[in-house]
Amino acid sequence: MPPARVQRLRYPVFVAAALVSFAGDWLTTVAVGVLVFEITGSVAAPAIFVLVRTAPRLFGPVIGGVLADRFPPIRALTVTYLTQAMVAVGLLVAASHRSVLAIYVMVVISQLIGSSTRPMQQATLPELVTDDQIHRASAMFGTGLGAVVLVAPALGTALLRANGPELLIALDAATFVIAAGLLLTLGPSRAIRAAVVGPSWRSAAAGLAPMLDEPVLRTATGTFLAMAVLAGAVQGSIVVIAADRFGNADLSGILYAGLGVGGVLGGSLVSWRTPRSIGRDLIFAGGMLAMLPLAGLAATHSLWVAVLLMAASAFGSIALDAWGPAEVVHRVDRALLGRANAVLVLCDFLGILVGAGVAVVGVPTVGWPATVVGTAAVAITFAFVVAVTSNRRATSPAPVN
């Protein structure tokens, strides 16, 4: 088989594996969020679930970043997916016994392992496509993630009503097995880092310096963190939002589907036309587009308006998800790709953790509307300060394909 054809096949197989596993993760998110709400009857339970789900992710990206720079990331992903499948079976047992404590324990283990895959996935792209295709490949990957968010929560809501949460968790376990099987079909990675000595665990934080020293990457880091804080507050409140404003907690899956609509549209646009240069102003603008609609959730009583707001937020978020990791490839040494990408992933998870913590305290005390609007105000202010205090520097050109 000609090398060019092999290369074209490796990328779609990798994307298919990632999307299948991502779909399963969303099924479990819908199932467990509603399950703990029904078991406990507490409005704080969904936010606590987001908190428990996010806290282990503060450690996973660091591990994944080191592994991605030390070993072939495709092989590391394969092992991780198989491990996640086994953990999902344990979660299924906990759910069948309606034990909230056991559910939380399995969620912690699952997210600790699963969060390590993000830096591996981002570090894998340069091994599957050429440098001038990075932006487009990243955007297409984001479009696929958006399509999953569009379909999986809505499908999960339908299956949840018909068959209960156990089926969704079982499907999650199956998706990890399928994803690992797809990755096993891929051949060895391109030796783009063959001369690099593998990093030690002591060097796990080495990716932080380039992310803070380079103005565009520093703006991206601050914007990712701010967006994630607001997203965490919304995720921690979304089941309560659905029950309070729209009469049924199960409709949280429909709200999540709005993210998928925006993700598909945003990813398609970014894939179709890549900006000639990606600087701090464009990064900040994408962040505003992602955050402002979420603040608007407090003002609407219409389910479909809320879905449109979620879609608008995802439109901006998917652009940043494409531009951020792609700019890391262009601006950071290849030996640090995994650990530099781990910084963005860690900001994402840290922000969601903080936002979920805000929801745990805020929703029962001041209500979810005040919690969401207040968090949005703080997050937008933080992103603005980071952007305006970053020194200007010439941006590297993004290839136009």
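When a residue number appears, it is its place in the shown sequence, counting from 1.
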All side chain to side chain contact (heavy atoms under 4.5 Å, CB included) counterparts of [X], not counting sequence neighbours:
X	answer
I39	L35, R98, V100, I103
L112	P56, F59
I113	T80, T83, Q84, V87, I109

Any [X] side-chain heavy atom under 4.5 Å of [Y] side chain:
X	Y	answer
V52	V105	no
V386	F382	yes
R118	D348	yes

Within this structure, what is the [atom1]-[atom2] distance for the pair [X] and [Y], rounded to the nearest 0.5 Å?
X	Y	atom1	atom2	answer
R218	I283	CZ	CD1	13.0 Å
H97	L92	NE2	CG	10.5 Å
M288	S313	CE	OG	11.0 Å
S115	L58	OG	CG	8.5 Å
L27	F22	CG	CZ	11.0 Å
I254	F246	CD1	CZ	11.5 Å

From CA spacing to verdict: side chain to side chain contact (heavy atoms under 4.5 Å, CB included), L294, M310: CA-CA 7 Å; L294 294 181; M310 297 287 279; 3.9 Å; yes
Give me each pair satisfying salt bridge (charged side-chain N to carboxylate O under 4.0 Å, His left out) with a member in [range], each pair once, sequence neighbours excluded.
range	answer
residues 362-383	none
residues 283-298	none
residues 354-371	none
residues 282-303	none

Any donor-acceptor N/O pair, T40 side chain to V36 backbone, under 3.5 Å: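 Yes, the answer is positive, given that a donor and an acceptor are paired below the 3.5 Å cut-off.
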Donor-acceptor contact below 3.5 Å, side chain R10 vs main chain L128: no
Grab the two heavy atoms, one from [X] and one from [Y], that are nearest each other, plus how far apart they are.
X	Y	value
R280	A387	NH1-O, 2.6 Å
V216	E214	N-OE1, 2.8 Å
A95	E166	O-OE2, 3.7 Å
Y81	A18	OH-CA, 3.8 Å

For F349, all residues meeting ring-ring contact (aromatic ring centres under 6.0 Å, His included), sequence neighbours excluded: none
Steps toward side chain to side chain contact (heavy atoms under 4.5 Å, CB included) verdict (T29, W26): CA-CA 5 Å; T29 298; W26 268 105; 4.3 Å; yes
Side-chain donor-acceptor distances from residues 221-243 under 3.5 Å, at least two apart:
unit_1, atom_1, unit_2, atom_2, d
T221, OG1, L217, O, 2.8
T223, OG1, T219, O, 2.8
S237, OG, A233, O, 2.8

Can you give me every donor-acceptor pair (side chain of residues 168-183, partner residue at least two apart or in another chain, under 3.5 Å) with its distance?
unit_1, atom_1, unit_2, atom_2, d
D172, OD1, D25, N, 3.3
D172, OD2, T28, OG1, 2.6
T175, OG1, D172, O, 2.6

Only pairs under 3.5 Å count here: list side-chain donor-acceptor contacts from residues 355-377, not counting sequence neighbours, and write none if there are none.
unit_1, atom_1, unit_2, atom_2, d
T365, OG1, V361, O, 2.7
T365, OG1, G362, O, 3.2
W368, NE1, D244, OD2, 2.9
T371, OG1, G362, O, 3.3
T371, OG1, V363, N, 3.4
T371, OG1, G367, O, 2.8
T375, OG1, T371, O, 2.7

With E38 via salt bridge (charged side-chain N to carboxylate O under 4.0 Å, His left out) - residues at least two apart: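 For E38, no residue satisfies salt bridge (charged side-chain N to carboxylate O under 4.0 Å, His left out) once neighbours in sequence are set aside.
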Side-chain donor-acceptor contact under 3.5 Å, T300 with R245: no
